[in-house]
Student: 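A single structure is presented below for examination.
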Protein chains: 2
Amino acid sequence: MARVLVIEDERDLQQVLAYNLRKEGYEVLQAVDGLEGLRTAKVHRPDMILLDLMLPDLPGTEVCKGLKADVTTRDIPVLMLTAKGEEIDRVLGFELGAEDYVVKPFSVRELLLRIQAILRRAHGAKPSNPEDALIFGRLRIDTAAHRVWVDDLEVQLTSIEFRLLVMLYERRNRVQSRASLLEDVWGLQADTETRTVDTHVKRLREKLGAAEAYIETVRGVGYRFAASPDEVHA
Amino acid sequence: MARVLVIEDERDLQQVLAYNLRKEGYEVLQAVDGLEGLRTAKVHRPDMILLDLMLPDLPGTEVCKGLKADVTTRDIPVLMLTAKGEEIDRVLGFELGAEDYVVKPFSVRELLLRIQAILRRAHGAKPSNPEDALIFGRLRIDTAAHRVWVDDLEVQLTSIEFRLLVMLYERRNRVQSRASLLEDVWGLQADTETRTVDTHVKRLREKLGAAEAYIETVRGVGYRFAASPDEVHA
DNA sequence: TCCCAACTGTCTCCATTCCGAAAGGATAAT
DNA sequence: ATTATCCTTTCGGAATGGAGACAGTTGGGA
């Protein structure tokens with residue numbers, strides 16, 4: 001799930017936000033002033049940032065400038081929390097490249113929707129090229145279109161199978177335990193004695209046919225996507 | 001670079017827009033009410049116009065009519081800025097002929113994308129009319145006229161249906177979640193527990209008849225417009 | 001002003017697909 | 001050979017999306 005950094009000095013609000021974000025399944029990073037926020041952003045690279053405009057050390061505008069000035073954080077969308085609906089704040093926020101803003105007091109629901117929208121846009125906009133599918137040996141994956149091909153023949157995967165494949169691929173050459181797959185693909189956290197993952201891996205392999213060998217079993221640990229297409233042994 | 005006329009009375013928003021447009025390399029003309037907007041449009045012939053629906057002297061709809069009534073400004077695409085809940089239906093149809101609209105508060109990023117899309121279309125179809133229509137297999141879409149044909153037979157779509165179709169088409173071969181469609185077509189931010197999108201897709205498909213197969217359902221994810229007219233599965 | 005037609009969003013119902021669990025068979029490790 | 005681990009098959013319940021119906025709105029015309 002997505003990681004959200006909350007830069008907010010009011011303790012109570014910080015708690016409320018963190019609680020609600022976690023409840024929605026986000027991973028939450030917290031910072032209570034601008035400098036800490038900048039540091040955390042640079043180190044942890046969150047998927048987006050909630051930024052209070054009024055902070056004890058730096059004004060939020062400066063934090064925003066700081067974020068935009070650094071290549072590693074430049075592209076992280078910022079959602080501004082402004083104390084009053086002053087137009088000036090809005091202007092500054094946008095000028096500085098904030099993605100959106102909400103005015104306090106805001107409803108948590110509204111805020112969550114904005115966050116969702118931003119993350120959706122960020123994800124959707126990532127592969128802007130028309131035909132940029134991942135290619136791995138005989139396997140081709142187009143995440144934007146949600147389509148998969150093996151040897152130029154399209155394979156119909158269900159959404160879970162697709163997520164499982166992408167997750168394995170993104171972390172190729174690293175063993176994924178069943179528990180971590182359950183968490184990342186299913187969004188569950190259960191210390192599991194279930195064979196659910198096995199079942200889906202099996203179905204996925206079936207559908208992948210010739211490309212099934214890319215998914216390797218690591219006995220006693222979990223599953224691993226091959227490091228390179230050639231490494232697969234017959 | 002393209003010239004954009006911004007007709008907007010709120011000073012701050014005017015500034016935000018101008019700043020961001022210039023940053024993107026556009027030349028910006030500004031007007032703070034409808035009459036000034038009409039004059040400026042006639043004199044300077046911008047490549048497109050951002051028009052607030054709520055202006056001090058004239059409603060934006062009237063400005064739009066005025067633009068369409070004058071030969072020198074008739075072909076300039078108009079992008080409407082509307083507040084939430086304002087009637088947007090009539091804005092789009094034949095009546096007013098606006099090219100697109102965004103609902104306030106909008107993210108500047110989103111707005112810039114829309115502007116890009118409009119200018120791209122406009123440039124591609126320089127000699128304004130005859131081949132202004134997009135062709136996709138048996139489907140023909142004329143965004144300027146808001147008309148659609150299937151196998152050379154015109155299909156009557158409502159404004160939402162049209163917008164939905166265009167949105168899907170412009171992002172073809174990319175799955176659109178229901179939530180993102182709700183946001184981009186309806187201008188709503190909502191947890192999608194609703195079947196509204198499904199219903200409209202269904203109605204759209206009905207009307208498209210033979211071309212309905214271009215709109216594909218991706219179970220558990222959303223909808224996707226086919227990548228190419230031939231790829232449609234039986 | 002009133003009425004009618006068109007449009008839109010929501011609801012319910014239903015067929016289909018999909019998921020997760022269970023259980024027994026197969027395979028690798030010791 | 002024995003055990004631990006993984007694969008395979010099967011099946012009922014749940015989720016998903018489409019079809020149809022309906023009421024609230026809106027705009028246009030009588």
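Per chain, numbering begins at 1; letters A, B, ... match sequence-line order. Quick caveat: nothing in here was measured; it's all calculated off a predicted structure.
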Student: Starting the side chain at C-beta, find the nucleotide from C:dG9, D:dC6, D:dC11 nearest to A:R203.
Tutor: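 The nucleotide sitting nearest to the side chain is D:dC11.
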Student: Does B:G222 or B:K202 map to a spot on DNA chain D nearer the 5' end, using the closest nucleotide for each?
Tutor: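 The answer here is B:G222.
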Student: Whole-Å distance between D:dC7 C1' and A:L204 CG?
Tutor: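 After rounding, the reported distance stands at 15 Å.
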Student: I need the CZ-C1' distance between B:R178 and D:dG17, as an integer number of Å.
Tutor: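 Taking atom C1' of D:dG17 as the reference, CZ of B:R178 is at 7 Å.
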Student: Quick check: on DNA chain C, is the nucleotide nearest B:T158 upstream (toward 5') of the one nearest A:L157, or the reverse? Name the residue that is more 5'.
Tutor: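 This one resolves to B:T158.
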Student: Inspect the contact between A:R140 and A:D152 and indicate whether a charged nitrogen and a carboxylate oxygen are less than 4.0 angstrom apart.
Tutor: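 Yes.
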Student: Whole-Å distance between C:dT10 P and B:L182 CG?
Tutor: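 After rounding, the reported distance stands at 9 Å.
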Student: By the 4.0 Å heavy-atom rule, please label B:T196 as base, sugar-phosphate, or nothing.
Tutor: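 Contact class for B:T196: base.
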Student: Could you check A:R219 against A:I160 and say which one's nearest nucleotide on DNA chain C is further toward the 5' end?
Tutor: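 Between the two, 5'-proximity favours A:I160.
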Student: Relative to the ring of B:Y169, is the ring of B:F225 parallel (under 30°), tilted (30 to 60°) or perpendicular (over 60°)?
Tutor: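 Rings of B:F225 and B:Y169: perpendicular, as their planes differ by over 60°.
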Student: Taking the basic N atoms (NZ, or NE/NH1/NH2) and the acidic carboxylate oxygens, is any pair closer than 4.0 Å for A:E154 and A:R147?
Tutor: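 Yes, this pair counts.
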Student: For the pair made of CG in A:D198 and P in C:dC19, what is the distance, rounded to whole Å?
Tutor: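 Rounded to whole Å, this separation is 16 Å.
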Student: Would you call A:R138 and A:D151 a salt bridge, taking side-chain N to carboxylate O under 4.0 Å as the test?
Tutor: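 Answer for the salt bridge query: yes.
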Student: Answer yes or no: side-chain N or O of B:R195 and base N or O of D:dG17 forming a donor-acceptor pair under 3.5 Å.
Tutor: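 Donor-acceptor pair under 3.5 Å: yes.
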Student: Would you mind reading off the distance between B:E206 atom CD and C:dC7 atom P, rounded to a whole angstrom?
Tutor: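 B:E206 atom CD is separated from C:dC7 atom P by 13 Å.
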Student: Could you check how far CD of A:E216 sits from P of D:dC7, rounded to whole Å?
Tutor: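 Going from A:E216 (CD) to D:dC7 (P), I get 12 Å.
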Student: Expressed as a whole number of angstroms, how long is the span from B:I215:CD1 to D:dG18:P?
Tutor: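 So the two atoms are 11 Å apart, to the nearest Å.
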Student: For the pair made of CD in A:E161 and P in D:dA15, what is the distance, rounded to whole Å?
Tutor: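 My rounded result for the distance is 18 Å.
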